Engineer: 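Structure incoming, see below.
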Amino acid sequence: MNPYILAILLFGLGLGTTITFASSHWLLAWMGLEMNTLAIIPLMTQHHHPRAVEATTKYFLTQATAAATLLFASVTNAWLTGQWEIQQITHPLPSTMITLALALKIGLAPLHAWLPEVLQGLDLTTGLILSTWQKLAPFALILQLQPSSSTLLIILGLTSTLIGGWGGLNQTQLRKILAYSSIAHLGWMILVLQFSPSITLLTLLTYFIMTFSTFLVFKLNESTNINTLATSWAKAPALTALMPLILLSLGGLPPLTGFMPKWLILQELTKQGLAPTATLAALSALLSLHFYLRLSYAMTLTISPNNLTGSTPWRLPSTQLTYPLATSTAMTICLLPLTPAISALLTS
Amino acid sequence: MSLPRITHLPSGRLLSTILHHQPLLPSIIPLTVPKRAVIQGLEGIKKHFTLLKKEFTDRWVGPEGKPIVEHMLEQNRVVWEFRGPESLREWTVSSDREIGGHSEAYLKLGRNNNTCFLYGTLSSTPPRDGETRYSGYCTMRSKQPLASFDRKKHHDWSSFNTLQLRVRGDGRPWMINVSAETYFSHQKDDIYCYFLYTRGGPYWQDVKIPFSKFFLTHRGRVQDDQHPVWLDKVNTIGFTLGDKADGPFQLEIDFIGVCKDYAHTEEFAYEAYKRNPEV
């Protein structure tokens, strides 16, 4: 893509999220969300491929629907209560509609059906932007909401964790697996939103770090399905050895970073008297863990059939920058001991 | 009682029917559904629920119903194998007869019910409708695979890179058309094609065509903006004959499969030249 156009689009992405962060008026927040949607559309269609066009169409339609619902709900709230403040949604009808609109924006179940297909149609870099950056602006609004219906959030959260785990079981395409992983993680974030928004933010940031590492590993190996991933031992042996740790961190196993948000969420849910919800969420995390383990098995614990006659790729220098991957991998694996510091930060 | 007979009823009886609410006409349409339709309906429900249950239980075994080890080790997969009459039901045959032409195409099982036999006559006489200038094609296309409740399913051939067939043709050049999912991209007639040159003669021919060789066409015209076929959502495969040679044709197919050729590393056979280069 022309570097000037790429710069404008990336600037638009950044500006949209910043506008939403900085807004206290619903219209401005909506505008930031729309800018984000429109800026990423050309990035998604830069490869003229029918699957990319399909992904872009689906993304645009769902995001436009969500934005329209959001605008309608905020206008309804302004009509009913006379004010446009983001934190002052008190009427239950607009509050519920806004929650559902933002759920559609980020891909929470049961409004998740677009996410696997959209991610599947994109290249890994754009998929990474979609999974991480595009979630920031809606979450900025979600964190400021005063939810009127706690049941809705619990239902959204539990459905997402279950569907995220269940849906990923049948996949061999890596991008779809990451989409279902995203749905499951979003479910965990929403479960604890009404009790402790700071833990939601922590889960979001931890998820970003882990997903960033995963996407970069897939990009380095140029793999988009499990069979190609299985040949990564010849491309980057050290990374192949480290990848199970990254995947288990995504799965939320101690002593890796991914355990931290899950631990804090389960603790908070139990404190609030929602032990059955916590149990169900923890059990559904097992489903996700199954497909992360499957990826680890395919990548690291087996050597796939191959026909290597030439020089193995790891002998040649990599064209991709490894510094971001190294940093994010270190953060994905090693940050659990910082839990006391982070808890203190959260409660202060 | 038919309508004309009612008009001959004495008016007194008509009035009494209104007062006593007796039906004038016996019901003409029988109110019972034929038993055969009920049985077919029940069998259909049973079939769809069985497919749905299979979809639920398959994912506990592994992705696409196979253990992960089997998925990783799979190097060849036979997708269509013509071993009985039910295999022909997965295919649709058509020719330019649909637009008013004179070609004929038929599909039957070959000898010993071991192969499929596509035969007919090609005629390139254009239909006389005043607008069609060229004609003369016959095609055999696989039907879209369906999941439970007739939902669309796709072939996922992303683990493979070569199409392998065993055919016995008649020396004519056929075209193989692979069609991917195009519902959302609004490019319904986008088809990826490559040629199948048959040898004719009594000997079978094993044909291996890498998917990197397939080029993109739209309604038969080769497109400028080419890209390799994505194999994760393949809908149908088809064989078309349109070589402008009038006369009889036949094509016998033993099986159609996909395989992973580790030695084939080409991603796409056609270079994409930069159009509108900056000066």
Side-chain angles (χ1 to χ4, degrees), chain A residues 2 45 47-62 114 116-118 120-121 123 165-177 180 222-231 287 290-291 293-299 301-310 313, chain B residues 55-75 147 154 156-161 179-192 216 218 223-235 260-265 267-268 272 275-276 278:
Chain A
N2 187 332
T45 50
H47 303 290
H48 298 171
H49 192 279
R51 200 57 45 72
V53 171
E54 175 186 341
T56 315
T57 314
K58 284 182 179 172
Y59 185 72
F60 176 71
L61 289 173
T62 47
W114 58 275
E117 306 281 315
V118 166
Q120 174 66 8
D123 56 308
W166 175 254
L169 285 179
N170 201 28
Q171 305 302 333
T172 53
Q173 298 289 335
L174 294 176
R175 286 164 291 186
K176 280 195 180 175
I177 288 179
Y180 283 107
E222 287 173 18
S223 53
T224 50
N225 59 7
I226 293 185
N227 281 340
T228 334
L229 198 64
T231 59
L287 292 171
H290 180 70
F291 59 77
L293 279 174
R294 186 185 283 160
L295 286 180
S296 320
Y297 176 76
M299 191 173 178
L301 303 178
T302 54
I303 293 186
S304 76
N306 59 78
N307 193 19
L308 282 177
T309 50
Chain B
E55 271 172 50
F56 268 96
T57 50
D58 268 353
R59 55 180 70 204
W60 294 111
V61 176
E64 295 165 4
K66 295 193 296 271
I68 187 70
V69 177
E70 198 183 307
H71 172 80
M72 285 168 64
L73 290 173
E74 196 179 26
Q75 201 175 347
H154 310 283
D156 184 359
W157 294 340
S158 47
S159 318
F160 308 98
N161 63 2
S179 167
E181 173 61 38
T182 52
Y183 179 76
F184 293 99
S185 52
H186 282 272
Q187 286 144 2
K188 189 167 73 74
D189 301 310
D190 266 5
I191 285 179
Y192 301 86
L216 174 70
H218 179 83
Q223 299 301 295
D224 288 332
D225 195 3
Q226 290 286 333
H227 52 258
V229 50
W230 277 35
L231 294 160
D232 58 341
K233 273 190 183 176
V234 171
N235 278 358
K260 180 158 50 177
D261 187 357
Y262 286 104
H264 182 81
T265 49
E267 286 184 9
F268 193 48
R275 295 176 301 283
N276 307 319
E278 297 97 42

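The shown structure was predicted, so the numbers you read here are calculated from the model rather than taken from an experiment.
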Engineer: Counting only non-hydrogen atoms closer than 4.5 Å, does Phe56(B) touch chain A with its backbone (N, CA, C, O), its side chain (CB onward), both, or neither?
Structural biologist: both
Engineer: Does any heavy atom of chain A fall under 4.5 Å from the side chain of Ser159(B), the backbone, both, or neither of them?
Structural biologist: both
Engineer: Do Tyr192(B) and Trp230(B) have ring centres separated by under 6.0 Å?
Structural biologist: no
Engineer: Using heavy-atom distances under 4.5 Å, tell me whether Thr224(A) contacts chain B through its side chain, its backbone, both, or neither.
Structural biologist: neither
Engineer: side-chain contact (heavy atoms from CB on, under 4.5 Å) with Val61(B): which residues, sequence neighbours excluded?
Structural biologist: Pro67(B)
Engineer: I'd like to verify something: which residue of Ser158(B), Ala180(B), Pro228(B) has the highest number of heavy-atom pairs under 4.5 Å with chain A?
Structural biologist: Ser158(B)
Engineer: Which atoms of Leu287(A) come close to chain B, meaning under 4.5 Å heavy atom to heavy atom: side chain ones, backbone ones, both, or neither?
Structural biologist: side chain
Engineer: Run the salt-bridge test on Glu55(B) and Arg59(B) with the 4.0 Å N-O cut-off and return the result as yes or no.
Structural biologist: no
Engineer: Quick one: what part of Glu64(B) sits under 4.5 Å from any heavy atom of chain A, side chain, backbone, both or neither?
Structural biologist: both
Engineer: By a 4.5 Å heavy-atom criterion (distance strictly below it), what part of Asn170(A) contacts chain B: side chain, backbone, both, or neither?
Structural biologist: both
Engineer: Does any backbone or side-chain atom of Gln173(A) lie under 4.5 Å from a heavy atom of chain B? Answer side chain, backbone, both or neither.
Structural biologist: side chain
Engineer: Heavy-atom cut-off 4.5 Å, strictly under: side chain, backbone, both or neither for Glu117(A) against chain B?
Structural biologist: side chain
Engineer: Do you know which of Thr57(A), Thr56(A), Val53(A), Thr172(A) has the most heavy-atom pairs under 4.5 Å to chain B?
Structural biologist: Thr172(A)
Engineer: Please classify the contact of Lys233(B) with chain A as side chain, backbone, both or neither, using a heavy-atom distance under 4.5 Å.
Structural biologist: both
Engineer: Please list, chain by chain and in numerical order, all residues satisfying side chain to side chain donor-acceptor pair (under 3.5 Å) with Asp58(B), sequence neighbours excluded.
Structural biologist: Lys54(B)
Engineer: For Leu169(A), does its backbone N or O pair with a side-chain atom of Arg294(A) as donor and acceptor, under 3.5 Å?
Structural biologist: yes
